[in-house]
There are 2 protein chains.
Amino acid sequence: MKSDEKAAFIKYLKDRGFKKTPQRQIILDKFLEMKGHVSADELFRALRRKYPHLGQSTVFRSIKLLQDAKIASEVNFTGKRRRFEPEHIKGHHDHLVCVNCGKTAEVLDQRIEKLQDDLVRRYRFTPLRHRLEIFGICRKCAS
Amino acid sequence: MKSDEKAAFIKYLKDRGFKKTPQRQIILDKFLEMKGHVSADELFRALRRKYPHLGQSTVFRSIKLLQDAKIASEVNFTGKRRRFEPEHIKGHHDHLVCVNCGKTAEVLDQRIEKLQDDLVRRYRFTPLRHRLEIFGICRKCAS
DNA sequence: ATTTGTGCAAATCATTTGCAGCAGA
DNA sequence: TCTGCTGCAAATGATTTGCACAAAT
C-alpha cells in the first residue's frame, strides 16, 4: 500500500527530473501515516520534533508535488486552513461532520455510490471522483 | 424570493438590536443576485464600482452576519479563498463539476437524498445539511 | 558540473481587529 | 442620546517566493 505510493512518487519525480530527497520522503511517509484531513501546518508540526531543520515552505512545496503526482488531494472542510488527504482514500468514503464537536466520521454506502453513477450517466457526465459531506450533530453531542 | 431573504435579514437584525444599514442591504442584494460560489473579495469588487467608499471589512463582517442569520453558508470548493452561497439553494441540489471547463451543473436525485437519510440514521447522526460534489468531465468536453 | 532543493526570512494574500468618527434607533 | 456601524489602517494567519547555500543527479 504505502510502498505503492512511495514508488509512484519516486517515479513521478524521476520522470520530470525532480530530485528524490529525504525531506520529500519523510513528508510523504508522515502524510500517509496521518491519513486524511491533514493541514500543511499539522504535518509540519508533526515532523519538526524529529526534524528540527525542516522548513515550513518545504512542507507546502512537497504537498503541492504530492497533489501534482495525484497522491494527495485537497479536501474541503470549512475553515481557513487547507486540508489534504491521500488520493487513494478519496471516493471511497463519505464524511459525516459534526458541527458541534467538529469530529468527522468516514462512512460508505454502496447504494449511494451506485445511485451516483446512475445520476451521472443521465447527464452524460464522466465522473472522476466525488465528495459527499453531511453536516449535522453526532450521537455523542446530541445526547 | 429575494424579498423573503431581505425580510428575514431585517428581522434578524431587529431581533438582536443590530442596525439596518444601507451597506448591509446592498451586500445582501448583491450576494443574492450573484447567486452561489461567491467569495468575499468578489462581492467587494463587484460593489466597489458603485460604492467606492465600501470597506472590505464591512463585506467580511456582513457575510458573517448572513451566515449567522442562516441566509448564507460557506461552500467548500478548492482554493484559498472562501466561497459562499445562499442558504436556500443549499441541500436542494448536488454539483457536477467539470474539471476541464470548470462549469458546474446543479442536479438532484431524490433517491440519493433518501439514502443519505438512511445512512445517517444508522449512525444516529442528525443531519442538518449536506454537500455532494461529483468531479469529472461534462458531456461537451468529452466529445 | 549542473541543476534542483532547502531553509530562512521577507513578501503576499485572505481575513480579522482596534479605533475614531458616523449614523441608525 | 446611546449604542452599534463604518472605513481605514494596522494586525494576524496562512501560504508563497527570493535567495544563497547544500545536496542530488
Side-chain angles (χ1 to χ4, degrees), chain A residues 6 9-31 37-69 72-84, chain B residues 6 9-31 37-69 72-84:
Chain A
K6 288 173 85 160
F9 190 42
I10 289 165
K11 180 175 188 324
Y12 164 87
L13 293 174
K14 184 158 282 177
D15 285 355
R16 14 206 120 192
F18 295 158
K19 286 164 186 172
K20 182 182 118 182
T21 69
Q23 287 91 331
R24 287 172 179 178
Q25 311 229 105
I26 285 161
I27 290 168
L28 171 57
D29 284 349
K30 193 55 144 189
F31 173 69
H37 317 157
V38 185
S39 70
D41 189 62
E42 284 162 2
L43 207 42
F44 173 63
R45 286 169 192 278
L47 286 166
R48 91 149 130 206
R49 300 172 254 152
K50 212 163 172 179
Y51 310 91
H53 290 295
L54 185 70
Q56 291 235 49
S57 33
T58 301
V59 175
F60 278 104
R61 285 187 277 228
S62 296
I63 289 180
K64 211 161 276 182
L65 282 180
L66 291 176
Q67 286 184 268
D68 220 65
S73 66
E74 190 170 345
V75 289
N76 288 93
F77 289 114
T78 264
K80 63 185 178 180
R81 260 193 202 102
R82 296 203 242 173
R83 300 186 160 278
F84 304 86
Chain B
K6 287 172 86 160
F9 191 42
I10 289 165
K11 179 175 190 322
Y12 166 87
L13 294 174
K14 185 159 283 178
D15 285 356
R16 13 207 120 192
F18 295 157
K19 284 164 184 169
K20 181 182 119 183
T21 69
Q23 287 91 331
R24 286 172 179 178
Q25 311 228 104
I26 286 162
I27 290 168
L28 172 57
D29 283 350
K30 194 53 144 188
F31 173 68
H37 316 158
V38 185
S39 69
D41 189 61
E42 284 162 3
L43 207 42
F44 173 63
R45 285 167 193 281
L47 286 166
R48 90 148 129 207
R49 298 173 256 151
K50 212 164 174 179
Y51 309 92
H53 290 295
L54 185 70
Q56 290 234 51
S57 32
T58 301
V59 176
F60 278 104
R61 285 187 278 226
S62 298
I63 290 180
K64 211 160 277 181
L65 281 181
L66 293 176
Q67 286 183 267
D68 221 64
S73 67
E74 190 172 345
V75 289
N76 290 96
F77 287 115
T78 262
K80 63 180 177 185
R81 268 193 192 101
R82 297 203 239 173
R83 300 185 161 278
F84 304 87

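Note on naming: letters A, B, ... go to the chains in the order of the sequence lines (proteins, then strands), and numbering restarts at 1 for each one.
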Whole Å only: how far is the [atom1] atom of [X] from the [atom2] atom of [N]?
| X | N | atom1 | atom2 | result |
| --- | --- | --- | --- | --- |
| A/L13 | C/dT3 | CG | P | 19 Å |
| A/F44 | D/dT16 | CZ | P | 15 Å |
| A/D68 | C/dT4 | CG | C1' | 16 Å |
| B/D41 | C/dT16 | CG | P | 13 Å |
| A/Q25 | C/dT6 | CD | C1' | 15 Å |
| A/I63 | D/dA14 | CD1 | P | 14 Å |
| A/E42 | D/dA14 | CD | P | 11 Å |
| A/L47 | C/dG7 | CG | C1' | 15 Å |

May I have the step-by-step check of salt bridge (Lys or Arg N to Asp or Glu O under 4.0 Å) for B/D68 and B/K64, ending in yes or no? CA-CA 6 Å; B/D68 221 64; B/K64 211 160 277 181; over 6 Å; no
Looking at [X], I'd like to know whether one of its side-chain N or O atoms comes within less than 4.0 Å of OP1 or OP2 on [N].
| X | N | result |
| --- | --- | --- |
| A/Q23 | D/dA23 | no |
| B/R16 | D/dG4 | no |
| A/R82 | D/dT16 | yes |
| A/R24 | C/dG5 | yes |
| A/T21 | C/dG5 | no |

Quick check for you: among C/dT16, C/dC13, D/dG7, whose closest atom lies nearest to any side-chain atom of B/T58?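 Minimum distance to the B/T58 side chain belongs to D/dG7.
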Base, sugar-phosphate, or nothing for B/S57, non-hydrogen atoms under 4.0 angstrom?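 Base: the residue B/S57, judged by heavy atoms under 4.0 Å, touches a nucleobase.
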Under 4.0 Å, counting only non-hydrogen atoms across every strand here, what does A/K64 touch: a base, just sugar-phosphate, or nothing?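 Touches sugar-phosphate only.
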Nearest-nucleotide comparison on DNA chain D, the residue closer to the 5′ end among A/Q56 and B/V59: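 Counting from the 5' end, the first nearest nucleotide belongs to B/V59.
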5'-most contact on DNA chain D: B/G17 or B/L54, nearest heavy atom basis?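 Per heavy-atom nearest nucleotide, the more 5' residue is B/G17.
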Are side-chain heavy atoms of [X] and [Y] found at a separation under 4.5 Å?
| X | Y | answer |
| --- | --- | --- |
| B/T58 | B/R24 | no |
| B/F44 | B/F60 | no |
| A/V59 | A/K30 | no |
| B/K14 | B/K20 | no |

Test for a donor-acceptor pair under 3.5 Å between the base of D/dG7 and the side chain of B/R61, counting only N and O atoms.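 It does, because a donor-acceptor pair links the side chain of B/R61 to the base of D/dG7 below 3.5 Å.
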Look at the side chain of B/K19 and the base of D/dT3, then say whether one donor and one acceptor between them are separated by less than 3.5 Å.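 Side chain to base: pair present.
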Approximate separation, where rounding is to 0.5 Å, of A/S39 OG and A/R45 CZ: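 Rounded to the nearest 0.5 Å, the OG-CZ separation comes to 8.5 Å.
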Closer to the 5' end of DNA chain C via nearest nucleotide, is it B/K20 or B/F60?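 That would be B/F60.
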Of A/S62 and B/R45, the one whose closest DNA chain C nucleotide lies more 5':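 Here A/S62 is the residue nearer the 5' end.
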